[in-house]
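Everything below concerns the one structure shown next.
As the structure is a computational prediction, the values presented were derived from the model and not from experiment. Note that ligands are numbered from 1 as they come in the structure, with each ligand's atoms numbered from 1 the same way.
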Amino acid sequence: MTDFTDSSYVRDMAKTTENLYRHGWDERNGGNVSLRLTKEEVEAYAGTDKVLRQIPIKFDASELAGKYYLVTGTGRYFKNMVEFPDRDMGLIRISEVGNSVDLMWGFNDGGEPTSEFPAHLMSHIARLKKNPNQRVIMHCHPTNLVAMTFTIPLSSKRFSRTLWKMHPESIVVFPEGIGVIPYMCPGTNDIGEKTAAKMEDYRVVVWPHHGVFAAGDSLDETYGLVETVEKSALIYTTIQAQGGEILQSLTDQDFRDLIKRFDLNVNEDFLTPDAVTATVD
Ligand code: 13P
Ligand code: ZN
């Protein structure tokens, strides 16, 4: 039986966090990722059958009792995950009592799950209700998207339409748009609750002046989602660097053509422009 350390889950997680680091979205210990695994997937590997220790968490996650998550550790650097996977990540099982998790593998120097774990678990709950295939929550600090939160009104519609206009792939990859919450203190249950509420409608939630929370079925798909959002944010930023004057762009008719061609389940509210100037919707 292969040891869990050598599993495809640990390898894919390390590869993903390394990519996030290489993209420049996860400086120092910035960012965190959680991947839900099934009992059968975990049991197919050796070294996951004993509770190593119990770790208290600041959120009652009993709704997820028995579920397994491979999660990055608090304070750990994404660039190191490939070399030290069983130190910088952990496999945990949510316990029946809710406010604690059972450590089954990893965190071998006494580490603990990310400080954003309550926000991850609340987001997992929200996404699971939408689609039982959703397994991944990813938080990172994509530079251009974060920069836009200083210059564009904090409105989900304004952000979604601006990004859709930057590249035809955008509306194809995130037809529901992206959600924006107000600035809030990270590492708190409050920001987790606000994020999870937006996750009922969107797979991407922007944390102004900080980063993004994204959800998906797989690590690759979630990474690709953030990559597409950030690519459009980079185009927007580059336009500003070129002077900011837009002479031509994707039109609302172009959106309608994309919706028809790719049979998109689009957010209709975002198809027409409005005069949003308020800070948060
Ligand atoms: P952690 O090191 O606790 O995962 O925190 C990183 C981060 O990006 C907080 O928002
Ligand atoms: Zn962060």
Side-chain angles (χ1 to χ4, degrees), residues 10 13-36 55-59 61 69-92 94 99-101 103 106-124 136-150 154 178-196 198-199 202-216 219 222-223 225-227 229-230 233:
V10 171
M13 188 80 151
K15 223 169 66 187
T16 302
T17 53
E18 191 179 40
N19 276 336
L20 285 160
Y21 167 71
R22 287 197 191 288
H23 247 116
W25 304 340
D26 290 291
E27 68 295 333
R28 200 175 181 275
N29 65 307
N32 24 79
V33 184
S34 59
L35 165 69
R36 182 170 53 80
I55 305 174
I57 57 169
K58 296 191 186 79
F59 166 63
Y69 292 91
L70 182 60
V71 59
T72 56
T74 184
R76 303 309 162 105
Y77 293 22
F78 274 12
K79 71 185 170 81
N80 293 338
M81 299 272 166
V82 168
E83 204 177 347
F84 304 106
D86 51 357
R87 184 194 70 182
D88 294 342
M89 299 177 215
L91 174 71
I92 61 89
I94 309 289
N99 282 70
S100 82
V101 298
L103 179 66
F107 295 146
N108 67 11
D109 65 349
E112 295 196 358
T114 170
S115 58
E116 307 292 3
F117 205 34
H120 278 246
L121 294 177
M122 291 179 209
S123 299
H124 275 294
V136 175
I137 298 292
M138 183 178 286
H139 167 60
C140 60
H141 303 164
T143 316
N144 294 287
L145 184 67
V146 173
M148 285 174 73
T149 65
F150 292 85
L154 297 178
I178 67 173
V180 181
I181 62 168
Y183 174 79
M184 296 174 80
C185 184
T188 60
N189 285 10
D190 286 350
I191 199 169
E193 282 160 20
K194 203 81 176 174
T195 304
K198 281 280 180 210
M199 282 274 177
Y202 306 98
R203 288 166 299 148
V204 176
V205 178
V206 179
W207 285 11
H209 324 318
H210 183 150
V212 75
F213 252 63
L219 289 167
T222 316
Y223 186 90
L225 177 60
V226 176
E227 210 173 16
V229 169
E230 175 62 3

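- With a heavy-atom cut-off of 4.0 Å, Asn32 touches ligand 1 through its side chain alone.
- Set against the non-hydrogen atoms of Thr74, the atoms of ligand 1 under 4.0 Å away are 1 (P), 2 (O), 3 (O).
- At the top of the distance list for atom 10 (O) of ligand 1, counting protein heavy atoms only, stands Glu116 OE2, 2.6 Å.
- Between Phe150 and His209, the ring planes are tilted. Angles from 30° to 60° get that label.
- The aromatic rings of His120 and His124 lie tilted to each other, with the angle between the two planes from 30° to 60°.
- With the Zn ion (ligand 2) as vertex, His141 NE2 and His139 NE2 subtend 100°, rounded to 10°.
- In terms of polar-atom proximity, defined here as any N/O pair under 3.5 Å, Arg76 makes no such contact with ligand 1.
- Considering backbone and side-chain atoms together, Gly75 places an N or O closer than 3.5 Å to an N or O of ligand 1.
- Within His210, the N, O or S atom lying nearest to the Zn ion (ligand 2) carries the name NE2.
- Counting the atoms of ligand 1 from 1 in the order shown, those under 4.0 Å from a heavy atom of His139 are 8 (O), 10 (O).
- To the nearest 0.5 Å, atoms CD1 (Ile137) and OG1 (Thr114) are separated by 12.5 Å.
- Per-residue contacts place His141 under 4.0 angstrom from the following atoms of ligand 1 (heavy atoms of the residue considered): 8 (O).
- Among the atoms of Cys140, none of the N, O or S atoms falls under 2.8 Å from the Zn ion (ligand 2).
- The backbone N or O of Arg87 lies less than 3.5 Å from a partner atom in the side chain of Arg76, making a donor-acceptor pair.
- In terms of polar-atom proximity, defined here as any N/O pair under 3.5 Å, Gly31 does make such a contact with ligand 1.
- Residue His210 has at least one heavy-atom neighbour below 4.0 Å for each of these atoms of ligand 1: 10 (O).
- Atom numbering of ligand 1 starts at 1 in the shown order; those under 4.0 Å from a heavy atom of Gly30 are 8 (O).
- Taking the side chain as every heavy atom from C-beta outward, Val71 and Asn32 never approach each other to under 4.5 Å.
- Looking only at side-chain heavy atoms (C-beta outward), Trp25 and Glu227 come within less than 4.5 Å of each other.
- Between Val229 and Ile178, some side-chain heavy-atom pair lies under the 4.5 Å cut-off.
- With contacts defined as side-chain heavy-atom distances shorter than 4.5 Å, the pair Val33/Thr222 does not qualify.
- Within the 4.5 Å cutoff, no side-chain heavy atoms of Val204 are placed close to those of Val226.
- Between atom 4 (O) of ligand 1 and the options Ile191, Thr114, Asn29, Thr72, the minimum heavy-atom separation is to Thr114.
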